[in-house]
Amino acid sequence: MTEPLKIAYLFTTFPAPTEIFLQREIRALRDFPVELQIFSLWGGKTKQFEGLSVRRFSKWTVPTLLWLIPLWLARNPGAFREPALFLLKGKFSSFLNLGENLLGWCFALIHAGHFRKSPPDIFHAPWATTPAAAAQMLTRLTGIPYSMGAHAYDLFENGGDGLLAEKIKEARFIHTTTQTARSRIIQKGADPGKIALIHSGIEQPMGDKIPRAPRSPLRILSVGRLIEKKGYFRQLDIYSALRETGVPFCARIAGQGPLENKIRQRIQDLDLSGSISLLGHLDYSEIQAQYHWADLLIFTGIIAESGDRDGMPNVILEAMAAGVPVVAAASGGVSEAIDNGRNGFLVAGDEDYEWVEIIRRLMEDDALYKSISREGQMWVQTKCNARDNARLLFQRFQEALLPPDA
């Protein structure tokens with residue numbers, strides 16, 4: 001019998017409420033011959049995830065660096081060259097990015113001894129920031145290879161991670177979920193053959209959506225953190241235009257974040273308090289209930305001033321799986337999921353009337369609504385089946401461990 005593949009997953013935080021797609025990835029991989037070790041490098045509220053141990057990085061171990069740094073420096077001075085240049089030349093894209101990489105290196109130096117004694121077959125870092133910093137350093141200290149993910153924030157925020165090119169070069173493969181991200185990774189110097197473009201996985205669709213008749217007032221849902229790149233102020237302008245053109249609606253915004261107070265104030269300024277509810281953070285089961293409530297999902301993502309943007313937002317895939325038609329801004333990787341007018345709608349311009357017209361059609365046209373709902377579910381079933389996509393990822397892990405000439 002073939003031995004299970006031992007994969008050490010290095011997360012920034014696990015489980016993170018905004019990274020449900022990574023929880024699905026772990027869940028689906030368990031259907032294959034793998035032995036998963038999960039590490040959460042920054043906090044986390046649980047020590048177990050569906051029967052798997054989640055090992056959290058303890059801040060109380062940091063003082064051990066006083067003797068571990070000299071120890072590893074003596075053993076492998078070359079491993080410290082790149083981090084030293086990173087610090088001396090200020091290659092980090094922001095002070096947050098500096099902290100992300102420092103955290104990853106600290107974890108690696110403290111845990112390298114453990115991994116030398118009990119080695120996995122491969123380290124996997126789902127993000128190019130803290131997790132990949134840890135994985136890259138661990139590879140240099142232990143000789144165990146690593147792979148990594150790179151998706152959106154870690155590629156675009158302030159130009160992306162400061163050591164992105166170096167991490168990509170040394171990784172056995174890079175997993176991403178959109179063509180937009182793939183192009184960015186190639187731009188950073190990656191061999192296209194090293195990139196595994198595998199969409200985020202969704203479990204089974206939630207059943208056929210039975211459209212309300214009539215859909216008035218129209219129930220509109222938006223899900224996401226209350227941050228700049230989600231484009232919520234643009235969204236509020238659309239709601240204002242709906243009211244001005246006589247489209248009856250009620251909207252719910254699920255999520256929390258630093259812009260909450262400003263969004264709340266803007267709602268009051270537009271006199272929309274009676275039509276829009278801010279739900280705050282909801283867990284996934286509560287979000288599923290909102291999909292059942294909603295007539296459509298609206299996504300108004302933009303490119304933030306920092307350059308950050310969404311890849312393929314999982315809320316779009318989840319809504320499509322639930323049979324909820326999606327109306328979305330044509331940004332990031334959204335157009336890779338939505339075939340405009342077939343399984344959803346894309347809006348490329350900034351004019352409110354474009355949004356209003358599409359939303360009105362979905363409210364009034366039952367045949368269109370049912371067609372968009374059905375085609376959205378079919379696309380997700382074909383492209384985003386969690387188990388099928390986990391199989392593709394598992395195969396990449398296997399290939400990453402083959403000899404170079406195999």
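Any value given below was found using the heavy atoms of this structure, including those in side chains, with hydrogens, waters and symmetry copies removed.
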Worksheet item: Within the side chain of T13, is there an N or O that forms a donor-acceptor pair under 3.5 Å with the backbone of L41?
Response: no
Fill in: Closest non-hydrogen atom pair between A329 and L346, with its separation
O-CD2, 4.4 Å
Item to complete: Just jot down the salt bridge (charged side-chain N to carboxylate O under 4.0 Å, His left out) partners of D161, sequence neighbours excluded, or say none.
Response: K167
Worksheet item: Any idea which heavy atoms bring R116 and W72 closest together, and the distance?
Response: CD-CH2, 3.4 Å
Worksheet entry | Check: S58 side chain, W60 main-chain N or O, donor-acceptor pair, under 3.5 Å | yes
Worksheet item: Is it true that R24 and E318 have a side-chain N and a carboxylate O under 4.0 angstrom from each other?
Response: yes
Discussion item. Ring centres under 6.0 Å, that's the criterion: do F123 and F115 meet it?
Written reply: yes
Fill in: Pair D388 + K383, salt bridge at N-O below 4.0 Å
no
Worksheet item: Does the ring center of W379 lie less than 6.0 Å from the ring center of H199?
Response: yes
Worksheet entry | Pair R309 + E157, salt bridge at N-O below 4.0 Å | no
Worksheet item: Taking T245 for the side chain and A241 for the main chain, is one N or O donor matched with an acceptor at less than 3.5 Å?
Response: yes
Fill in: Test ring pair (Phe, Tyr, Trp, His ring centres under 6.0 Å) applied to Y353 - qualifying residues, sequence neighbours left out
none
Worksheet item: Could you go step by step and tell me if D308 and S306 meet the side chain to side chain donor-acceptor pair (under 3.5 Å) rule?
Response: CA-CA 6 Å; D308 191 17; S306 66; 5.2 Å; no
Item to complete: For atom CD of E305, decide whether the heavy atoms of other residues, nucleotides or ligands shown that lie under 6.0 angstrom number more than 12.
Response: no
Worksheet item: N343 side chain to D339 main-chain N or O, any donor-acceptor pair under 3.5 Å?
Response: yes
For residues 273-280, dump all side-chain donor-acceptor pairs below 3.5 Å to protein atoms at least two apart in sequence or in another chain.
none

Worksheet item: Are R374 and Y369 in a cation-pi setup, meaning NZ or CZ lies under 6.0 angstrom from the ring centre and within 45 degrees of the ring axis?
Response: no
Practice prompt. Please find out if less than 6.0 Å separates the ring center of H151 from that of F156.
Written response: no
Worksheet item: Can we say K188 and E166 salt-bridge, meaning some charged N sits less than 4.0 Å from an Asp/Glu carboxylate O?
Response: no
Worksheet item: Between F95 and F92, what is the ring plane arrangement, given parallel below 30°, perpendicular above 60°, and tilted in between?
Response: tilted
Item to complete: Taking only Lys NZ, Arg NE, NH1 and NH2, and the carboxylate oxygens of Asp or Glu, determine whether R27 and E203 approach each other closer than 4.0 Å.
Response: yes
Item to complete: Please assess E170 against Q136 for the test side chain to side chain donor-acceptor pair (under 3.5 Å), listing each intermediate value before the final yes or no.
Response: CA-CA 7 Å; E170 295 180 37; Q136 183 186 46; 3.3 Å; yes
Worksheet item: Can a salt bridge be assigned to the pair D310 and R225 using a cut-off of 4.0 Å between side-chain N and carboxylate O?
Response: no
Fill in: Residue pair E100 / T129: nearest heavy atoms and the distance that separates them
OE1-CG2, 3.5 Å
Practice prompt. Check ring pair (Phe, Tyr, Trp, His ring centres under 6.0 Å) between W105 and all other residues, then give those that pass, not counting sequence neighbours.
Written response: F86
Worksheet item: Ion pair present between E399 and R396, side-chain N to carboxylate O less than 4.0 angstrom?
Response: yes
Fill in: Working for salt bridge (Lys or Arg N to Asp or Glu O under 4.0 Å), residues R212 and D366
CA-CA 9 Å; R212 294 189 311 123; D366 282 349; over 6 Å; no
Discussion item. Could you check whether R215 pairs with D295 (Lys NZ or Arg NE/NH1/NH2 to Asp/Glu carboxylate O, under 4.0 Å)?
Written reply: no
Practice prompt. Using ring pair (Phe, Tyr, Trp, His ring centres under 6.0 Å) as the criterion, list what pairs up with F394, not counting sequence neighbours.
Written response: F32
Discussion item. Looking at E357 and R361, is there a salt bridge between them, counting it only when a charged N and a carboxylate O are closer than 4.0 Å?
Written reply: no
Practice prompt. Give a yes-or-no answer on whether the side chains of Q48 and S53 include a donor-acceptor pair shorter than 3.5 Å.
Written response: no
Practice prompt. Please report the shortest heavy-atom distance between V326 and A319, naming the atom on each side.
Written response: CG2-CB, 3.9 Å
Discussion item. Would Q265 and D269 count as a side chain to side chain donor-acceptor pair (under 3.5 Å) here? Give the steps.
Written reply: CA-CA 6 Å; Q265 183 61 54; D269 293 344; 2.9 Å; yes
Discussion item. Using a 3.5 Å distance criterion without hydrogens, assess whether the side chain of K230 forms a donor-acceptor pair with backbone atoms of I302.
Written reply: no
Worksheet item: What pairs with F49 under ring pair (Phe, Tyr, Trp, His ring centres under 6.0 Å), at least two apart in sequence or on another chain?
Response: F14
Worksheet item: Is there a donor-acceptor contact under 3.5 Å linking the side chains of H124 and S147?
Response: yes
Worksheet item: Above 12 or not: heavy atoms from other molecules or residues under 6.0 Å from CZ of R75?
Response: yes
Response to the item:
For M148 and A132 the tightest heavy-atom approach is CE-CB, 4.3 Å
Fill in: salt bridge (Lys or Arg N to Asp or Glu O under 4.0 Å) assessment of K6 paired with D121
CA-CA 5 Å; K6 296 179 181 179; D121 295 310; over 6 Å; no
Worksheet item: Do any N or O atoms from the side chain of R243 and from the backbone of D271 form a donor-acceptor pair under 3.5 angstrom?
Response: yes
Response to the item:
For S373 and G323, the nearest pair of non-hydrogen atoms, with its separation, is OG-O, 2.7 Å
Discussion item. Using only atom types and a distance under 3.5 Å, with no angle test, would you say the side chain of R264 pairs donor to acceptor with the backbone of L259?
Written reply: no
Discussion item. Using modelled atom types and a 3.5 Å cut-off, is there a donor and acceptor pairing between side-chain atoms of D154 and backbone atoms of A152?
Written reply: yes
